[in-house]
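One structure is given here, and the rest of the page talks about it.
Letters A, B, ... are given to chains in the order of the sequence lines, protein chains preceding strands, and every chain is numbered from 1.
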Amino acid sequence: GDSVTQMEGPVTLSEEAFLTINCTYTATGYPSLFWYVQYPGEGLQLLLKATKADDKGSNKGFEATYRKETTSFHLEKGSVQVSDSAVYFCALRYGGSQGNLIFGKGTKLSVKP
Amino acid sequence: AAGVIQSPRHLIKEKRETATLKCYPIPRHDTVYWYQQGPGQDPQFLISFYEKMQSDKGSIPDRFSAQQFSDYHSELNMSSLELGDSALYFCASSLESSGGDVEETQYFGPGTRLLVL
């Protein structure tokens, strides 16, 4: 079945460091790909998404490119801030009313000042 | 902009009791999803509804049931609660009927944290 694999955390970085969180997927079709972020004690917020191969999603300085050839959707940010500390989930889904999200295990990011 | 509303935000129950969680989707959204997130885990899909009809079913126990009402709000009913049901329960909504990819994004509520003692 379809699945998402994320790099294991936790990831600890200093402020202004470069961030990469790896995400690869296994899919039988052509899903849309998402990154959601969960701040401590809060719900899931959509960070960015891409709906087809070679699309790049971006938001708040974060970017991810849908790579069909490597089945990857790695999350990157050039300069992290303390406020970026959260758990990041990579996910996929297909369109339509049966398109539930399939999540990776999540990667906890801690940014130190 | 209006977001997904869930109530209650926190709930404490004893084993074998019942619980009802409510979800109010974003206005005009026609699809509701329920997810369960155990401590330190990724969210797991439970069940979804499209236009008030069940559209898909995931790892939802038989002790749980859900429905979507005429005003599109949804309720998750949980009976014979077990310790392992302690989790964060998310509701998400989306607009599927337009067929466009922008509308298919799922927007999550803040969750209901259920603790079973």
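For A:Leu44, the parts lying near chain B are the backbone and the side chain together; criterion is any non-hydrogen pair under 4.5 Å. Neither the backbone nor the side chain of A:Gln45 comes within contact range of chain B; no heavy atom of the residue lies under 4.5 Å from a heavy atom of that chain. Contact of B:Pro43 with chain A is made through backbone and side chain together, with heavy-atom distances under 4.5 Å. Contacts of B:Gln6 with chain A are absent, with no heavy-atom separation under 4.5 Å from either backbone or side chain.
Across all their heavy atoms, A:Asn100 and B:Gln106 have their closest contact at CA-NE2, 4.0 Å. The shortest heavy-atom contact between B:Tyr33 and A:Arg93 is OH-NH2, 3.0 Å.
In terms of hydrophobic clustering, with Ile, Leu, Val, Met, Phe, Trp and Tyr side chains grouped at heavy-atom distances under 4.5 Å, B:Val32 and B:Tyr24 are assigned to different clusters. In this structure, B:Ile26 is not a member of the same hydrophobic cluster as B:Phe69, with clusters built from ILVMFWY side-chain heavy atoms closer than 4.5 Å. Hydrophobic clustering (ILVMFWY, side-chain heavy atoms < 4.5 Å, transitive): B:Leu76 and B:Ile5 are in distinct clusters.
Formation of a donor-acceptor pair under 3.5 Å by the B:Tyr35 side chain with backbone atoms of A:Leu101 is found in this model.
Enclosure of atom CG in B:Asp71 by more than 12 non-hydrogen atoms of other residues, nucleotides or ligands within 6.0 angstrom is indicated. By the neighbour-count criterion of 12 heavy atoms within 6.0 Å, atom CD of A:Glu42 is densely surrounded, having more than that number from other residues, nucleotides or ligands. Counting heavy-atom neighbours within 6.0 Å of A:Tyr30 OH, excluding the residue itself, gives a total of 12 or less. Counting heavy atoms of neighbouring residues, nucleotides and ligands inside a 6.0 Å radius, atom NZ of A:Lys108 does not exceed 12 of them.
Distance check, rounded to the nearest 0.5 Å: OH of A:Tyr36 to CZ of B:Phe90 gives 11.5 Å.
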Could you walk me through whether A:Gln38 and B:Leu88 pass the side chain to side chain contact (heavy atoms under 4.5 Å, CB included) check? CA-CA 12 Å; A:Gln38 187 174 31; B:Leu88 194 53; 3.9 Å; yes
Applying ring-ring contact (aromatic ring centres under 6.0 Å, His included), run through A:Phe103 and B:Phe45 and close with a yes or a no. CA-CA 9 Å; A:Phe103 289 91; B:Phe45 169 67; over 10 Å; no
